[in-house]
Amino acid sequence: MLALISDVLGIAFTFTPPVYWVIDAVTAVVLLFVIGFRWPLLPALAVEVIPGLQLFPAWTLVVLALAGTENKKRVIDVKTSRSN
């Protein structure tokens with residue numbers, strides 16, 4: 001939810017770069033605190049820093065991708081634990 005809110009606010013504040021930078025910095029810190037360090041967060045941060053790509057919802061897509069891989073990993077772990 002935080003990533004989605006950050007991307008929506010980012011679009012709203014596209015023309016005020018200092019506010020946009022603060023939103024991205026806070027989002028990065030909070031996501032690192034909540035989900036820990038994950039390599040896919042670095043490209044999302046790079047996309048958010050590059051002017052012109054700010055309209056791309058990088059935070060939301062990365063968090064959804066991480067949630068999908070974690071869910072897939074849990075399903076595989078459950079299947080392997082049942083077979084043992």
Side-chain angles (χ1 to χ4, degrees):
M1 192 67 170
L2 170 73
L4 181 63
I5 293 169
S6 172
D7 285 334
V8 169
L9 286 175
I11 291 170
F13 290 104
T14 298
F15 298 110
T16 53
V19 175
Y20 187 79
W21 298 331
V22 170
I23 292 170
D24 278 339
V26 169
T27 302
V29 169
V30 171
L31 285 176
L32 286 171
F33 180 74
V34 171
I35 63 176
F37 177 79
R38 304 278 196 260
W39 284 106
L41 290 175
L42 292 178
L45 183 59
V47 166
E48 293 292 336
V49 170
I50 297 172
L53 291 179
Q54 298 166 346
L55 297 177
F56 184 73
W59 292 123
T60 303
L61 293 176
V62 167
V63 169
L64 288 174
L66 287 172
T69 57
E70 288 293 320
N71 191 23
K72 185 177 180 180
K73 182 179 175 183
R74 287 185 188 150
V75 169
I76 291 171
D77 288 344
V78 168
K79 286 182 180 180
T80 57
S81 65
R82 286 184 185 171
S83 66
N84 291 332

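Hydrogens, waters and symmetry mates play no part in the numbers below; they use all other heavy atoms, side chains included.
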### Query
Would a hydrophobic clustering, with Ile, Leu, Val, Met, Phe, Trp and Tyr connected at side-chain separations under 4.5 Å, put Val8 with Leu31?
no
### hydrophobic_cluster_shared for Leu9 and Phe15, side chain cutoff 4.5 Å
no
### Query
Side-chain contact, heavy-atom cut-off 4.5 Å: Trp59 with Leu4?
no
### Query
Linking I/L/V/M/F/W/Y whenever any side-chain heavy atoms sit under 4.5 Å apart, do Ile5 and Val63 land together?
no
### Query
If you round to the nearest 0.5 Å, how far is CG of Leu41 from CG of Leu32?
5.5 Å
### Query
Got a sec, which pairs hit ring-ring contact (aromatic ring centres under 6.0 Å, His included) with one end in residues 17-55, sequence neighbours left out?
Phe37-Trp39
### Query
Can you hop from Val19 to Ile50 via hydrophobic side chains spaced under 4.5 Å?
no
### Task
For Ala58 and Ala44, work out which heavy atoms get closest and say how close.
CB-O, 4.0 Å
### Query
Out of Val30, Asp24, Ile23, Val29, which residue meets the side chain to side chain contact (heavy atoms under 4.5 Å, CB included) rule with Val26?
Val30
### Query
How about Leu66 and Ile35: do any of their side-chain heavy atoms sit closer than 4.5 Å?
yes
### Message
With side chain to side chain donor-acceptor pair (under 3.5 Å) as the rule and sequence neighbours excluded, what pairs involving residues 3-15 come up?
### Response
Ser6-Thr27, Asp7-Thr60
